[in-house]
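These values consider heavy atoms only, across backbone and side chains, with no hydrogens, waters or symmetry-generated copies.
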Amino acid sequence: MASTLIVPDCSSSTAAGAFRFIPVNKIRIRRSVFHVHQQISIARLGPKASLLNIDTRRLFSPMALTVASNAETSAKVIDGKSVAKHIREEISTEISRMKEAIGVIPGLAVVLVGDRKDSATYVRNKKKACDDVGIKSYEIRLPEDSTEQEVLKYISEFNDDPSIHGILVQLPLPRHMNEENVLNAVSIDKDVDGFHPLNIGRLAMRGREPMFVPCTPKGCIVLLHRYGVTIKGKRAVVIGRSNIVGMPAALLLQREDATVTIVHSRTKNPEEIVRQADIIISAAGQPNMVRGSWIKPGAVIIDVGINPVDDPESPRGYHLVGDVCYEEACRVASAITPVPGGVGPMTIAMLLSNTLSSAKRAHNFD
């Protein structure tokens with residue numbers, strides 16, 4: 001019997017929330033083709049930029065991005081890949097200025113435990129990104145059966161090393177390790193992932209400022225700022241409540257004076273709640289879960305989901321889709337991030353930004 005995959009049917013007019021049982025080898029991913037190009041201006045960042053560790057005098061200057069559309073598609077495409085490219089160029093300029101002024105090069109240490117191919121790929125991409133902007137990267141690779149104490153030993157050494165300004169522990173860790181203990185061991189001064197409980201606690205409290213904001217949620221907010229999306233006073237819905245994306249994204253939106261609702265796996269009638277949102281950030285990890293009928297006309301959608309779906313026509317045998325049914329959403333939303341090419345590139349760009357901010361803070365460099 002052929003294996004099956006249960007996915008929301010994004011390519012038909014099936015009622016919202018309907019599912020089809022599709023043989024894995026029969027799934028096809030429809031690709032949108034865009035023909036007409038328009039130009040839009042990207043607004044300057046607002047007063048909340050300091051929370052995101054952004055120097056508005058030098059970084060993230062206004063720019064123009066190409067937006068694709070066709071007769072059936074009204075939504076602007078929020079091009080995270082292009083935004084991230086500009087940000088990395090600006091970070092590179094800042095690093096060169098810092099090196100020339102005080103002779104300091106920001107350093108990022110990455111700890112990888114085990115031999116997961118996806119984790120190794122992520123680490124390789126982060127190292128390349130560091131090299132591209134001029135950040136010195138340090139990498140520790142430990143075997144799967146390493147002890148927690150071995151990992152903690154390296155973290156302690158990095159904490160004490162003044163040439164390292166950021167420490168990143170690649171997740172997930174092997175099951176025999178206590179993830180909380182390992183992440184808590186990273187010095188808050190070098191917690192460029194923003195996962196330390198003190199950073200999250202400060203993010204949650206009014207009148208307190210975290211030293212670092214988690215990279216993916218930070219990237220989501222920067223995209224909204226870059227595209228001039230008004231957040232203050234708007235209704236925002238975050239789909240997903242993970243410690244890495246959903247929860248900090250909701251806190252950031254709240255700090256921006258949005259009225260925020262979190263939708264999660266136990267929420268009743270999620271489509272009714274999502275339909276009220278002016279801004280949607282989806283981080284559920286469910287392919288094509290959010291249908292066009294869930295979306296309020298004119299809403300702005302940030303799709304964090306990166307879900308592989310079988311695609312025999314692809315050289316890799318699969319194709320990546322988001323949590324949001326892109327083809328349907330484009331006909332309803334005013335703006336949307338694509339998958340891939342939306343939030344993903346921003347996550348690494350924000351990691352580089354956090355590392356630069358850490359180095360500046362450590363050396364009192366403005």
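A side-chain donor-acceptor contact under 3.5 Å links N159 to the backbone of S187. Here the side chain of D193 pairs no donor or acceptor atom with the backbone of G166 at under 3.5 angstrom. H264 places a side-chain N or O within 3.5 Å of a backbone atom of R266 that can act as its donor or acceptor partner. Side-chain N or O atoms of N178 include one that pairs as donor or acceptor with a backbone N or O of N181 at under 3.5 Å. Judged by distance alone, the side chain of D257 and the main-chain N or O of G233 form no donor-acceptor pair under 3.5 Å. Between the D303 side chain and the T337 main chain, no donor and acceptor come within less than 3.5 Å of each other. Put simply, the side chain of R208 never gets that close to the backbone of A204: no donor and acceptor are under 3.5 Å apart.
Considering only heavy atoms from C-beta on, D160 comes within 4.5 Å of S156 through its side chain. Residues I279 and V237 fail the side-chain proximity criterion, which asks for heavy atoms closer than 4.5 Å. Looking at R97 and T93, their side chains never come closer than 4.5 Å, going by heavy atoms from C-beta outward. Considering only heavy atoms from C-beta on, I239 comes within 4.5 Å of I280 through its side chain. Proximity of V339 to Y326: side-chain heavy atoms (C-beta onward) are nowhere separated by under 4.5 Å. Using a 4.5 Å cut-off on side-chain heavy atoms (C-beta onward), I87 and M350 make contact. Side-chain contact between I200 and M247 is present, with heavy atoms from C-beta onward closer than 4.5 Å. Counting heavy atoms from C-beta on, the side chains of S92 and D132 never come closer than 4.5 Å.
A salt bridge links K85 with E89: the closest approach of a Lys/Arg side-chain nitrogen to an acidic carboxylate oxygen falls below 4.0 angstrom. Salt bridge absent: K81 and D79 never bring a charged side-chain N and a carboxylate O closer than 4.0 Å. Remark: E90 does not engage R88 in a salt bridge, criterion side-chain N to carboxylate O under 4.0 Å. Taking a cutoff of 4.0 Å between a charged side-chain nitrogen and a carboxylate oxygen, E94 and K360 qualify as a salt bridge.
Contact detail for Y138 and G107: the closest heavy-atom pair is CE1-CA, 4.2 Å. Heavy atoms only, all atoms of each residue included: A236 and A258 are closest at CB-CB, 4.2 Å. I262 and A250 make their closest contact through CD1-CB, 3.7 Å (heavy atoms, listed as atom of the first residue, atom of the second, distance). Closest of all the heavy-atom pairs between V113 and M177 is CG1-CE, 3.8 Å. The nearest pair of heavy atoms linking V263 to P270 is CG1-CB, 3.6 Å. The two residues S334 and V300 have their closest heavy-atom pair at OG-CG2, 3.5 Å.
By the 6.0 Å and 45° rule, R361 stacks over the aromatic ring of F212.
The CD atom of Q276 sits 5.0 Å away from the CZ atom of R235 when rounded to the nearest 0.5 Å. For the atom pair CG of L351 and OG1 of T216, the computed distance is 10.0 Å after rounding to the nearest 0.5 Å. Note that CD of E150 and CG of D145 are 8.0 Å apart. Values are rounded to the nearest 0.5 Å. Put simply, CG on D323 and CD1 on I301 are 11.0 Å apart, with the number rounded to the nearest 0.5 Å. Atom-to-atom distance recorded for K190:NZ and N354:CG is 15.0 Å, nearest 0.5 angstrom. Here M346 contributes atom CE and S353 contributes atom OG; the two are 9.0 Å apart, rounded to the nearest 0.5 Å.
Just one residue in the list L224, T230, I231 forms a side-chain contact (heavy atoms from CB on, under 4.5 Å) with E256, and that residue is I231. Just one of P210, C220, P214 meets the side-chain contact (heavy atoms from CB on, under 4.5 Å) condition when paired with P248; it is P214.
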Self-check item: Trace of the salt bridge (Lys or Arg N to Asp or Glu O under 4.0 Å) decision for R275 with E271
Solution: CA-CA 6 Å; R275 201 177 296 122; E271 63 275 16; 5.6 Å; no
Exercise. Evaluate the criterion side-chain contact (heavy atoms from CB on, under 4.5 Å) for residue pair H319 and E313; output intermediate values, then yes/no.
Key: CA-CA 9 Å; H319 194 72; E313 294 181 358; over 6 Å; no
Practice problem: In sequence, state the C-alpha distance, the side-chain angles, and the governing distance for V111 and L168, and then conclude on side-chain contact (heavy atoms from CB on, under 4.5 Å). | Solution: CA-CA 6 Å; V111 179; L168 184 150; over 6 Å; no
Quiz item: For L112 and S119, what are the C-alpha separation, side-chain angles and deciding distance, and is it a side-chain contact (heavy atoms from CB on, under 4.5 Å)?
Solution: CA-CA 8 Å; L112 174 62; S119 292; 3.7 Å; yes
Quiz item: Which is it for E209 and R255 under the salt bridge (Lys or Arg N to Asp or Glu O under 4.0 Å) test, yes or no, and what are the steps along the way?
Solution: CA-CA 11 Å; E209 300 298 328; R255 277 179 170 253; 3.5 Å; yes
Quiz item: Is there a side-chain contact (heavy atoms from CB on, under 4.5 Å) between D189 and S358 once you walk through the steps?
Solution: CA-CA 7 Å; D189 297 326; S358 179; 5.8 Å; no
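By the neighbour-count criterion of 12 heavy atoms within 6.0 Å, atom CG of N243 is sparsely surrounded, having that number or fewer from other residues, nucleotides or ligands. Surrounding OH of Y154 are at most 12 heavy atoms belonging to other residues, nucleotides or ligands under 6.0 Å away. Taking a 6.0 Å sphere around OH of Y122, one finds it holds 12 or fewer heavy atoms contributed by other residues, nucleotides or ligands. Counting heavy atoms of neighbouring residues, nucleotides and ligands inside a 6.0 Å radius, atom NZ of K136 does not exceed 12 of them.
No path of Ile, Leu, Val, Met, Phe, Trp and Tyr side chains, each step under 4.5 Å between heavy atoms, connects M205 with L251, placing them in separate hydrophobic clusters. Note: the hydrophobic cluster containing L108 does not contain I105 (ILVMFWY, side chain heavy atoms under 4.5 Å, direct or indirect links).
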